[in-house]
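Presented below is the structure to which this report refers.
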Amino acid sequence: MGRIVVVTGGSRGIGRAAAARFAAAGDDVVITGRDADQLAKAAAEIGARPQRCDATVAADVEALAEAVGDRLDVLVNMAGSNVDTYEPLPLDAPLARVADRWRANLEANLMSAVLTTTAFRPVLAEGAAVVNVGSIGAEHARGSYGAAKAAVAAWTVGLSSILGPRGITVNTVSPGPIVDTVFFRGTLSDERAAAFVAETHTKRAGTPDDVADVVFFLASPAARHITGQNLHVNGGAHATR
């Protein structure tokens with residue numbers, strides 16, 4: 001019998017690639033998103049179940065948990081965005097706008113994962129896996145988005161210590177720039193994309209499948225003693241030691 005898997009933000013990009021990877025392995029996959037039409041289309045194409053959910057809205061997350069039921073084997077917290085990419089905040093912006101922008105990125109990237117994981121904690125199976133999606137932006141301190149993703153990685157460590165005695169692993173996967181997604185919303189110039197590639201050791205852009213394969217591995221039996229970690233998938237653009 002396949003596992004029950006939830007992938008938030010699973011209708012596009014990296015989330016969709018991860019969901020497709022689990023579905024191809026025979027798992028029962030639920031994907032979420034805010035755009036019901038896009039969600040239904042993606043679910044039909046990859047063989048998943050759609051559940052419309054804005055992961056920053058408590059009522060939506062509660063409805064998601066109720067729809068999934070009394071057991072969950074894998075939770076992938078992919079939902080998130082970077083409003084700084086779409087509309088850079090000017091240096092002379094009023095403090096009220098600064099506050100709104102920071103709250104928006106914290107809600108989208110940190111609180112979405114916190115709410116979803118908290119809702120599912122009671123039904124996570126023994127030996128389950130939680131995979132949070134961070135970003136190389138956390139290492140480069142890129143404003144509110146980088147701060148939010150850094151907070152995700154820090155929260156992952158504490159959550160790992162709490163859930164570890166139940167055999168549940170909790171890890172962060174932090175992608176470098178993945179150009180083949182809607183993340184940049186048309187703001188990525190050819191010059192900037194080339195600069196991203198130049199920063200890597202592999203001299204190529206990352207793909208959604210690069211990240212999806214690492215997510216799938218962390219939820220596999222081969223990764224049962226890997227927890228509390230932040231795994232970077234960026235071709236060496238940010239190297240750890």
Which heavy-atom pair separates [X] from [Y] by the least distance, and what is that distance?
X      : Y      : value
Val30  : Leu64  : CG1-CD1, 4.2 Å
Val114 : Thr118 : O-OG1, 2.7 Å
Ala125 : Ile168 : O-CG1, 3.6 Å
Ala222 : Phe217 : CB-CE1, 3.8 Å
Leu39  : Gly33  : CD1-N, 3.6 Å
Val170 : Thr156 : O-CG2, 3.5 Å

Find out whether [X] and [Y] are in side-chain contact, i.e. whether some heavy atom of one side chain is under 4.5 Å from a heavy atom of the other.
X      : Y      : answer
Ser174 : Ile136 : no
Thr117 : Leu75  : yes
Val6   : Val68  : yes
Asn171 : Asn230 : no
Ile226 : Leu218 : yes
Asp28  : Val5   : no
Asn77  : Val130 : yes
Ile14  : Pro175 : yes

*Check step by step if side-chain contact (heavy atoms from CB on, under 4.5 Å) holds for Thr172 and Gln229.*
CA-CA 6 Å; Thr172 299; Gln229 305 302 311; over 6 Å; no
Look at the side chain of [X] and the backbone N and O of [Y], then say whether any donor-acceptor pair between them is shorter than 3.5 Å.
X      : Y      : value
Ser161 : Gly158 : yes
Asn109 : Tyr145 : no
Gln38  : Ser11  : yes
Asp27  : Val29  : no
Thr8   : Met78  : yes
Arg3   : Ala219 : yes

*Within 45° of the six-membered ring axis of Phe22 and under 6.0 Å from that ring's centre, is NZ or CZ of Arg49 located there?*
no
[X]/[Y] ion pair, N-O < 4.0 Å:
X      : Y      : result
Arg204 : Asp210 : yes
Asp213 : Arg21  : yes
Glu139 : Lys149 : no

Would [X] and [Y] count as having a side-chain donor-acceptor pair, cut-off 3.5 Å?
X      : Y      : answer
Asp209 : Thr207 : no
Thr227 : Ser160 : yes
Ser144 : Asn105 : yes

*Apply the test side-chain contact (heavy atoms from CB on, under 4.5 Å) to residues Asn132 and Trp155: give CA-CA distance (whole Å), side-chain angles for both, the deciding distance (0.1 Å), then the verdict.*
CA-CA 10 Å; Asn132 302 315; Trp155 168 66; 3.5 Å; yes
Distance (rounded to the nearest 0.5 Å) between [X] [atom1] and [Y] [atom2]:
X      : Y      : atom1 : atom2 : result
Lys41  : Ile46  : NZ    : CD1   : 11.0 Å
Arg224 : Thr169 : CZ    : OG1   : 4.0 Å
Thr56  : Glu107 : OG1   : CD    : 6.0 Å
Glu126 : Leu163 : CD    : CG    : 10.0 Å

*asked:* Are Leu231 and Val157 linked, directly or through intermediate hydrophobic residues, by side-chain heavy-atom contacts shorter than 4.5 Å (ILVMFWY only)?
replied: no
*Ile162 and Leu110: same hydrophobic cluster, using ILVMFWY side-chain contacts below 4.5 Å?*
yes
*Hey, mind stepping through Leu124 and Arg166 against side-chain contact (heavy atoms from CB on, under 4.5 Å) and telling me if it holds?*
CA-CA 9 Å; Leu124 285 171; Arg166 291 170 55 190; 3.8 Å; yes
_Verdict with reasoning, Asp54 to Arg34, per side-chain contact (heavy atoms from CB on, under 4.5 Å)_ = CA-CA 5 Å; Asp54 182 336; Arg34 292 178 296 180; 3.6 Å; yes
*Determine whether more than 12 heavy atoms belonging to other residues, nucleotides or ligands lie under 6.0 Å from atom CZ of Arg103.*
no
*Among residues two or more places apart or on two chains, list those pairs meeting salt bridge (charged side-chain N to carboxylate O under 4.0 Å, His left out) that have a residue in residues 58-68.*
Arg52-Asp60
